Amino acid sequence: MKEILIVKNLSFKYSDVPVLRDVSFSVEKGDFLGIIGSNGAGKSTLIKLILGLLPYKSGEILLHGADVRTRKPNVGYVSQKVASFNTGFPATVREVVLSGLKKPSLFRYTAEDMRRLGECLERVGMTEYGNKLIGRLSGGQQQRAFIARALIGGSDILILDEPTVGIDAMSVKSIMELISEINRSGVTVIMTNHDTPTLVEAADKLLIFCEHGNAELVKKNELSLAEMSELYAGKRRHHHD
Amino acid sequence: MIDTLIEMFSYDFMQKALLTLIIISVIAPLIGMPIVMKRLSAIGDAASHSALAGVAAGLILGVNPVLGAVTFSVLAVLGIEAFRKAFSKYSEIAAVVVMSAGIGLTAVLSGFITSGASSINSFMFGSIVAVSDFEIMLTMGLSLAVIAVSWIFHREIFAITFDEEAAKIAGLPVKSINFLLMLLTAITVAAASRIVGALMISSLLVIPVAAAMLIGKSYKNTVVLSVIFAEIFSVSGFFVSTVLNLRPSGTIVLIGVAVLLILMICRGRDR
């Protein structure tokens, strides 16, 4: 399988506080990687580093074979936007999704842009909401629109940082189903979530953050839930063959 | 009344003033929209108060006051950017500090103006009769530049205004576009200060946008509506002030506030 993301010996500090220590893992094309760990363990920091939003000195992150420090990574990204979203912003779902195009034409959207818009809205089940103001929709519908915005750029990798924050339980289930469906269509998914059981169920690989910024990559079927809990709590280490 | 209007608008300076006002009423909401959405409305006030200091400096140095206003207004937004970096978690401090500096500088510099002291007053509240042909051409040129740049970068400005983090990840030059937006705000404020008045311009940046937000059905629709509202406020305010012999800028602002209140009441009833 082709490795789409390689993280080698990555360490990171905020001022003098170490957050990540010698983290190494790789993600193959089509994987669904769940990143789990307690609050402040370094999950969101790792996401920011992969996205090229934070500078780092120690280690290496290669996305599509290129160092994220030198080449802006082409990824679809979904944040906790629903939780911090300005609902008074007068933008339609259509306008928001189109803003995810990597190189929009100057004067008007091309037929190809509009085709991709239609395809992405259909993919997330929001076709009939295209002309609705995004602030008037439910949290789940807003997050579907943000997923469509992340997909319209055409990247084969989707990174989601706590995408179900601020969304009701029923919508969480359907959002997770949507993300799994996107993954099954061939898009590599990397995701963090505060709701660990839901993420463990959906992902096929898990990067488990233990104490002191260490992280272990495990395939879901390699360990029992009890063993994973021990790993999570830092009571054991997992050794790959 | 009609005779009065026909007579007034037979004068060349009135026609030019109306044309300039119409153009300013396009650029003010065009720039006001992203500024309001980014919750940076105070930047308009900071730039306009600094523009007044530029007017005073221009009068002292014998330089055209509009050029002085543009220079100080641009320096003000650069100062705001510097303060925002220093107080990143309290960015609203930046606009207040720069506005205070602008007021302080205006007060001090105005004491050194030996001739044309009334110009400061005309820049505060706007003046139609005092505008020279050069200033009208300068205002028109700056306004056309603001419209062109806003159009060229409208997709980037929308993306960054809506979600700065996502825009950064998508590879948009967020810092450059933000800087450009600040620069356009400074130019808009300075260009409009002669006709509308430095103390009034920030209301023309905000009130049409606020009114449009109440009924807008999309971002694009809200921008178009805000320009329409700004035109209605300015042109009607200009005519009313001419007939009733009032200050045009004050009349424009009061009509804007009245329309906003009416829309708020109507919207409240619909809910």
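Chain naming here is simple, since letters A, B, ... match the order of the sequence lines and numbering starts at 1 in each. It should be emphasised that the depicted structure is a prediction, and the values quoted were computed from it without experimental measurement.
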Kindly give the heavy-atom pair with the smallest separation between [X] and [Y], and that separation in Å.
{"X": "Asn86(A)", "Y": "Met37(B)", "value": "ND2-O, 4.3 Å"}
{"X": "Ser218(B)", "Y": "Thr92(A)", "value": "CB-CG2, 3.4 Å"}
{"X": "Glu165(B)", "Y": "Leu53(A)", "value": "OE2-CD1, 4.1 Å"}

Fill in the blank from the handout: So, the part of Lys217(B) with a heavy atom under 4.5 Å from chain A: the answer is backbone

Exercise for the section: Identify which part of Thr222(B) has an atom lying under 4.5 Å from any heavy atom of chain A, answering side chain, backbone, both or neither. Expected result: side chain

Handout entry: Side chain Glu95(A), main chain Tyr219(B), donor-acceptor under 3.5 Å
Key = yes

Practice task
Could you walk me through whether Leu51(A) and Lys168(B) pass the side chain to side chain contact (heavy atoms under 4.5 Å, CB included) test, one step at a time?
Solution key: CA-CA 10 Å; Leu51(A) 291 168; Lys168(B) 203 179 277 179; over 6 Å; no

Problem - Atom group of Asn74(A) that falls short of 4.5 Å from chain B, counting heavy atoms - result: neither

Practice task
For each of Thr161(B), Ile169(B), Val36(B), tally heavy-atom pairs with chain A at distances under 4.5 Å, and name the one with the top tally.
Solution key: Ile169(B)

Completion exercise
chain B shares the most heavy-atom pairs under 4.5 Å, among Gly153(A), Ser99(A), Gly88(A), with Ser99(A)

Near [X] [atom1], under 6.0 Å, is it more than 12 heavy atoms from other residues, nucleotides or ligands?
{"X": "Arg94(A)", "atom1": "CZ", "result": "no"}
{"X": "Tyr129(A)", "atom1": "OH", "result": "no"}
{"X": "Lys38(B)", "atom1": "NZ", "result": "yes"}
{"X": "Met137(B)", "atom1": "CE", "result": "no"}
{"X": "Glu122(A)", "atom1": "CD", "result": "no"}

Exercise for the section: To the nearest 0.5 Å, tell me how far Leu98(A) CG sits from Phe158(B) CZ. Expected result: 9.0 Å

Practice task
First locate atom OH of Tyr109(A), then atom CZ of Arg155(B), and finally report the distance between them rounded to the nearest 0.5 Å.
Solution key: 4.0 Å

